[in-house]
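Report on one structure; see the data block that follows.
These values consider heavy atoms only, across backbone and side chains, with no hydrogens, waters or symmetry-generated copies.
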Amino acid sequence: MRPRLWLLLAAQLAVVRGSSVLQQTPAYIQVQTNKMAMLSCEAKISLGNMRIYWLRQRQAPSSDSHHEFLALWDSTKGTVHGEEVEQEKIAVFRDASRFILNLTSVKPEDSGIYFCMIIGSPELTFGKGTQLSVVDFLPTTAQPTKKSTPKKRGCRLPRPATQKGPLCSPITLGLLVAGVLVLLVSLGVAIHLYCRRRRARLRFIKHLRLHPLEKRSRLDY
């Protein structure tokens with residue numbers, strides 16, 4: 001397209017407001033130097049074979065602000081670059097109704113407002129623009145500290161505590177000692193009764209052995 005026509009379009013662009021027909025996202029994007037930036041322009045109408053253009057405005061909008069033609073998307077040719085544009089850095093892709101401007105290895109001088117545009121008959125339709133800011137370092141924002149809210153304690157059933165090793169409480173020791181003493185006393189009584197029974201049995205057996213001898217001695221006399 002001729003430079004005179006682009007000067008006319010630039011003059012009209014300064015006073016024409018963005019239309020809802022072309023929705024650009026995001027409205028603002030900040031990218032680090034030498035990284036890639038992707039700008040989207042979605043058409044809310046059926047374009048058919050209509051071309052979509054991408055322009056860049058390096059300074060704030062004004063009556064004498066300068067606009068650069070970067071590239072356009074053509075259904076047959078694909079990406080068509082403007083004059084004095086680094087073609088290896090700029091490409092336009094179509095994804096259904098979305099037209100994506102892909103900028104690679106961006107520099108701080110690439111900062112500005114990027115507009116998508118379609119040429120009708122006779123009106124021109126522009127998107128509302130996407131402001132691109134290229135910085136050497138992205139700002140790091142500290143996340144706010146979250147206050148810890150106390151958790152509500154619910155009623156819980158007591159769980160049996162598992163304890164390893166012997167119980168060493170005084171009550172337990174006393175019960176163990178008492179149990180040992182009862183066992184010793186019972187054992188002593190059993191032994192005593194056993195011994196008495198055994199002695200009585202021995203005396204009875206001895207008595208039976210001596211009783212026949214006494215009978216014989218009496219018969220002899």
Side-chain angles (χ1 to χ4, degrees), residues 1-45 47 49-120 123-144:
M1 189 168 289
R2 297 179 180 179
R4 292 183 180 180
L5 179 59
W6 283 112
L7 291 176
L8 177 61
L9 294 178
Q12 293 183 5
L13 180 62
V15 296
V16 176
R17 295 183 179 179
S19 172
S20 59
V21 175
L22 298 177
Q23 293 187 358
Q24 291 188 234
T25 55
Y28 175 80
I29 183 173
Q30 190 174 51
V31 182
Q32 192 173 1
T33 304
N34 295 325
K35 298 296 183 180
M36 181 178 65
M38 297 182 65
L39 314 181
S40 175
C41 177
E42 183 176 2
K44 295 300 181 179
I45 59 174
L47 297 180
N49 296 327
M50 188 175 294
R51 295 178 174 182
I52 185 163
Y53 300 82
W54 280 95
L55 308 176
R56 176 172 58 196
Q57 186 179 33
R58 293 184 182 272
Q59 62 182 9
S62 61
S63 58
D64 57 348
S65 58
H66 176 63
H67 298 83
E68 303 172 80
F69 165 57
L70 301 178
L72 65 87
W73 183 88
D74 185 88
S75 58
T76 58
K77 299 179 181 180
T79 303
V80 179
H81 296 87
E83 299 178 357
E84 300 180 358
V85 173
E86 298 181 29
Q87 298 185 7
E88 64 276 4
K89 289 183 54 175
I90 298 176
V92 182
F93 303 95
R94 180 173 184 176
D95 181 14
S97 61
R98 296 171 64 241
F99 297 85
I100 300 172
L101 175 65
N102 190 18
L103 305 174
T104 60
S105 302
V106 294
K107 303 295 182 182
E109 54 269 21
D110 294 325
S111 300
I113 303 177
Y114 289 74
F115 296 91
C116 61
M117 180 195 71
I118 55 177
I119 301 178
E123 72 279 357
L124 304 176
T125 303
F126 297 90
K128 294 184 179 181
T130 295
Q131 183 176 355
L132 172 65
S133 177
V134 181
V135 294
D136 292 333
F137 300 99
L138 294 176
T140 56
T141 57
Q143 297 181 353

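- Of the inter-residue distances, the one linking H81 atom NE2 with E88 atom CD reads 8.5 Å to the nearest 0.5 angstrom.
- Here the CD-CG distance, from E42 to D95, works out to 9.5 Å after rounding to the nearest 0.5 Å.
- Every residue meeting the side chain to side chain contact (heavy atoms under 4.5 Å, CB included) condition with S75, not counting sequence neighbours, appears here in chain and number order: N49, W73.
- Taken to the nearest 0.5 Å, the OG1 atom of T125 stands 10.0 Å off from the CD1 atom of I52.
- Of the residues T79, L72, V92, the one that meets the side-chain contact (heavy atoms from CB on, under 4.5 Å) test with W54 is V92.
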Starting from the C-alpha separation in whole Å, work towards a yes-or-no answer on side chain to side chain donor-acceptor pair (under 3.5 Å) for N34 and K107. CA-CA 6 Å; N34 295 325; K107 303 295 182 182; 2.5 Å; yes

Evaluation steps, side-chain contact (heavy atoms from CB on, under 4.5 Å), between L22 and I118: CA-CA 9 Å; L22 298 177; I118 55 177; 4.1 Å; yes

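- The closest donor-acceptor contact from the side chain of Q24 to the backbone of G129 lies under 3.5 Å.
- When atom types are taken as modelled, the side chain of S40 and the backbone of I100 share no donor-acceptor pair closer than 3.5 angstrom.
- At least one donor-acceptor pair under 3.5 Å links the side chain of Q32 to the backbone N or O of D136.
- To the nearest 0.5 Å, atom CG of residue L70 and atom CG of residue L55 are 7.0 Å apart.
- Residue G127 comes nearest to F115 through the heavy atom pair O-CD2, 3.5 Å, listed as atom of the first residue, atom of the second, then distance.
- In the displayed structure, F137 atom CZ is contacted under 6.0 Å by at most 12 heavy atoms of other residues, nucleotides or ligands.
- T33 places a side-chain N or O within 3.5 Å of a backbone atom of V135 that can act as its donor or acceptor partner.
- Annotation: side chain of V80 is not in contact with side chain of R51 (no heavy-atom distance under 4.5 Å).
- Summarising the geometry, atom SG belonging to C116 is positioned 11.5 Å from atom CZ belonging to R98; distances are rounded to the nearest 0.5 Å.
- With contacts defined as side-chain heavy-atom distances shorter than 4.5 Å, the pair Q30/P139 qualifies.
- By the 4.5 Å heavy-atom criterion applied to side chains, D110 and R56 are counted as neighbours.
- Considering only heavy atoms from C-beta on, L103 comes within 4.5 Å of L132 through its side chain.
- Rounded to the nearest 0.5 angstrom, M38 CE and T130 OG1 are separated by 12.5 Å.
- In terms of heavy-atom proximity, A37 sits nearest to V106 at CB-CG1, 4.3 Å.
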